[in-house]
Amino acid sequence: MILQELYQLYERLVANGADMPQMGTSVQKVTFCVELIPEGGCTFRDLRQCVESPPDKKGKTKKKLVSTEMMVLGGSKPPGSGLNPCFLFDNTAYLLGCVEAKKSDKEKARARESFAATRRKYLDRKDTGLGKEFEILCHFYETWEPPADIESLSCDPAVKDAMKTGNGVFRIQGQMQHLHEIPNIRDWWCSGGAELWLGTQKKETPDMMCLITGKEGPVARVHSPQISGVRDASPMGAALVSFNCSAFESYGKEQGGNSPVSERAAFGYCNALNYLLRASNQRFQLGDATTVYWTDAPAMGWEQIIAASFSETPQAQDNALLKKVGEILKQIAFGRPTPPPEAKEVRFFLLGLAPNVARLSIRFFLTGTMGDYITRLSAHLDALRLQPRGAKFNDPEIIFPWMILRETVRDPKDAIPSTYTEPLMRAILQGRPYPDSLAMAMLRRFKADRKINYIRCAYLKAWLTRRNPSYKLTPMLDETNTQVGYVLGRLFALLQKTQDDALPGLNRTIRDAYYASASTSPAYVFPRLFKLYNHHVAKLEGGRKINREKDMQAITALLGEFPTHLNLEQQGLFALGFYHQTQAFFTKKNNPDNQ
């Protein structure tokens, strides 16, 4: 299913004229160019691009140099410890025989060996009729003497810096095309030159039915190119489908024979996934999952709605599309819109990937129509609806999934457990109950830091209502709710408010000292808190004291005996009752004498 959809995406991108790799080519990051002078010698050029970072919280931006992505012949450098020169692109060790001055003598010797292997490869093909440009390249390798190090080259310091960080390509001085872009060289490479350069013959594989296309033919032994761009995965790329041990094989089949996919289909789905991972407006990070998304009607702007729903930094293609996306999201967030008729036919795809050594783990793969997407997202945001705390707290109008995940850890920079992301996404987009694991994590955070905040309580409200539909939880205070956990939370908020009014400015309040025990074992804690309450309420005067006593009587009238223990649901209700009652104290009454 996943591979089929990715391959269909590749075919659609090629049909629409996207700059996608063809068989025998790949997209590589290039930082410099070696410009060959026909009469002999060379110069060097920096190919990096200057980009501006998004503005930070203070509105400041930074400029930095990044490598240029270029379609080259062949793939990434083959794995292994041997000498593996790439064709018409490579690093400085292979192209020029030098590395940085700070490298060890062993690494410098290795660079000279790499250059010698590259020189032999080119000179062995000097008479293959690849044109005058290739002859100039061979002449360069006949005469070039590797310098001691990169710093010894005669070029601008910026170019030397570029040589230290990426791959280089060749171009003849005065020409616009790079050598790997010249038609007759490309034709030679794609018509058997690749096997000659690599020194290998393509291994024959039995004809099998391709699991993606359904057609019979030779299958790919290894699915390539490698997948790059998944956070924390191998920088050399990782595989989505691979078999490297006999324990993973069956019926005597080896490598790709265990999951027969044709070479073109494997090449297509790998490049489609790399295309999504390279595009900043078609991926986002959610926990440990690098998530890519696409639809089968990108021109209609549906992909931007997905980005705006999940990404921390959503991007739109133009102002008109931004406006359209903003209007739809606003309708989704503050109402329950009927999806437009055209949305019922458009399919969306969300694929979450996580690193696993040299392979990738699939965290989730969710698909459906955009009509379902809008309906589910609207129900999710409605379940999260809660009264904000006020302007000074800067609570968000829309609670995004990444905000929920961050509330489960002590510090936003901490790693979010991998088991949180997938069930949360399924709850949002499939209407399933919200995961207990996130609720437990938030309840633990309440006991650790006593921050009964907006996002945590909104999630607990959504979790409780889907877990038990009999709970009729409202965005604001519900004085008719008789759930014991909810009432105890309200009572604890009243005790806290009374202490704050009687003894303002305390360093350690009853919330700091007793919240964890009050929310789990109320029978052992509340009798002590009532003694403190009597001491605190005695310090109040006038209407404030009278109203506080009335509130106390109204809340305790809803209680029977204090339970010895509150289960997980009741602890969630306790937090929600505390939040609602606290907000009611700060919003419903304007006269401080009445509070």
Side-chain angles (χ1 to χ4, degrees), residues 25-26 28-48 67-68 70-74 77 83-101 103 107-189 193-194 196-199:
T25 66
S26 67
Q28 300 291 335
K29 294 182 177 180
V30 177
T31 58
F32 69 97
C33 174
V34 181
E35 290 197 340
L36 304 176
I37 302 172
E39 296 77 16
C42 66
T43 59
F44 305 99
R45 184 182 296 275
D46 189 350
L47 294 184
R48 293 176 299 176
S67 56
T68 299
M70 191 174 292
M71 196 88 67
V72 299
L73 301 178
K77 188 171 293 297
L83 299 173
N84 303 305
C86 296
F87 186 62
L88 299 180
F89 83 95
D90 220 316
N91 56 45
T92 53
Y94 280 90
L95 291 189
L96 304 172
C98 59
V99 291
E100 296 179 64
K103 298 293 184 180
E107 289 173 302
K108 292 177 181 178
R110 168 76 178 187
R112 290 191 289 272
E113 292 175 6
S114 302
F115 174 78
T118 305
R119 188 199 323 242
R120 285 194 301 270
K121 286 262 190 179
Y122 285 117
L123 296 184
D124 287 347
R125 288 152 186 82
K126 181 178 180 180
D127 300 323
T128 52
L130 292 179
K132 62 179 182 179
E133 292 88 359
F134 194 77
E135 292 178 3
I136 295 173
L137 175 65
C138 291
H139 178 66
F140 165 76
Y141 273 104
E142 288 175 334
T143 58
W144 176 260
E145 290 297 331
D149 47 58
I150 292 176
E151 287 79 1
S152 301
L153 293 170
S154 299
C155 59
D156 188 88
V159 181
K160 294 178 184 178
D161 183 60
M163 291 180 173
K164 299 174 184 178
T165 58
N167 293 318
V169 293
F170 292 103
R171 182 169 62 185
I172 306 300
Q173 193 175 63
Q175 293 188 6
M176 296 300 295
Q177 285 182 315
H178 295 93
L179 261 64
H180 64 267
E181 296 170 335
I182 297 174
N184 63 318
I185 294 179
R186 293 177 66 89
D187 293 343
W188 173 82
W189 177 263
L196 293 173
W197 177 265
L198 296 174

Legend entry - Partners passing side-chain hydrogen bond (donor to acceptor under 3.5 Å, both in side chains) against Gln175 (at least two apart in sequence or in another chain): none

Legend entry - Point-to-point distance, once rounded to the nearest 0.5 Å, from CD of Glu107 to CG of Asp149: 13.0 Å

Inset, instruction - May I ask you to test the Ile172-Leu179 pair for a side-chain heavy-atom distance under 4.5 Å? - result: yes

Inset, instruction - Step through the shown structure and confirm whether more than 12 heavy atoms of other residues, nucleotides or ligands are within 6.0 Å of CZ on Arg125. - result: yes

Inset, instruction - Only one of Glu35, Glu181, His180 passes side-chain hydrogen bond (donor to acceptor under 3.5 Å, both in side chains) with Arg171; say which it is. - result: Glu35

Legend entry - Minimum side-chain heavy-atom gap Tyr122-Phe140 below 4.5 Å: no

Legend entry - Side chain proximity check, Leu83 to Arg110, heavy atoms < 4.5 angstrom: yes

Legend entry - Ile136 side, atom CD1; His139 side, atom NE2 - distance, nearest 0.5 Å: 9.0 Å

Inset, instruction - Sequence neighbours left out, what passes side chain to side chain contact (heavy atoms under 4.5 Å, CB included) with Asn91? Give chain and number order. - result: Lys77, Ala93, Tyr94, Asn167

Inset, instruction - Enter the distance from Met163:CE to Cys155:SG here, rounded to the nearest 0.5 Å. - result: 4.5 Å

Legend entry - Which atom of Gly97 lies closest to which atom of Pro146, heavy atoms considered: O-CB, 3.6 Å

Legend entry - Working for side-chain contact (heavy atoms from CB on, under 4.5 Å), residues Leu88 and Ile185: CA-CA 10 Å; Leu88 299 180; Ile185 294 179; 3.7 Å; yes

Legend entry - Val72 and Ser26: CA distance, side-chain angles, deciding distance, side-chain contact (heavy atoms from CB on, under 4.5 Å) verdict: CA-CA 6 Å; Val72 299; Ser26 67; 3.8 Å; yes

Inset, instruction - Measure the shortest side-chain to side-chain distance between Phe32 and Leu95 over non-hydrogen atoms and say whether it is less than 4.5 angstrom. - result: yes

Inset, instruction - Return yes if some donor-acceptor pair links the side-chain N/O of Lys121 with the main-chain N/O of Trp197 below 3.5 Å, else return no. - result: yes

Legend entry - CG on Asp161 to CD on Glu151, rounded to 0.5 Å: 10.0 Å

Inset, instruction - For side-chain contact (heavy atoms from CB on, under 4.5 Å), just list the numbers for His178 and Val30, CA-CA rounded to whole Å, side-chain angles, deciding distance to a tenth of an Å, and then say yes or no. - result: CA-CA 12 Å; His178 295 93; Val30 177; over 6 Å; no

Inset, instruction - Taking all non-hydrogen atoms of both residues into account, name the closest pair between Tyr141 and Thr118 and its distance. - result: OH-CG2, 3.7 Å

Legend entry - Thr25 side chain near Arg186 side chain, heavy-atom distance below 4.5 Å: yes

Legend entry - OG1-CD1 distance between Thr92 and Ile150, expressed to the nearest 0.5 angstrom: 3.5 Å

Legend entry - From CA spacing to verdict: ring pair (Phe, Tyr, Trp, His ring centres under 6.0 Å), Trp188, Phe134: CA-CA 12 Å; Trp188 173 82; Phe134 194 77; 7.2 Å; no

Inset, instruction - First locate atom SG of Cys98, then atom NZ of Lys103, and finally report the distance between them rounded to the nearest 0.5 Å. - result: 12.0 Å

Inset, instruction - Search all heavy atoms of Gly129 against all heavy atoms of Asn184 and return the closest pair with its distance. - result: O-ND2, 4.5 Å

Inset, instruction - Determine whether Leu47 and Thr31 make a side-chain contact, defined as any pair of heavy atoms from C-beta on separated by less than 4.5 Å. - result: no

Inset, instruction - Evaluate the side-chain proximity of Gln177 to Pro183: yes if any heavy-atom separation is below 4.5 Å, no if none is. - result: yes

Legend entry - Ion pair Lys160/Glu100, N-O distance below 4.0 Å: no

Inset, instruction - State whether the number of non-hydrogen atoms from other residues, nucleotides or ligands found under 6.0 Å of Lys29 atom NZ is greater than 12. - result: no

Legend entry - Check: Leu96 and Phe44 side chains under 4.5 Å, non-hydrogen atoms: yes

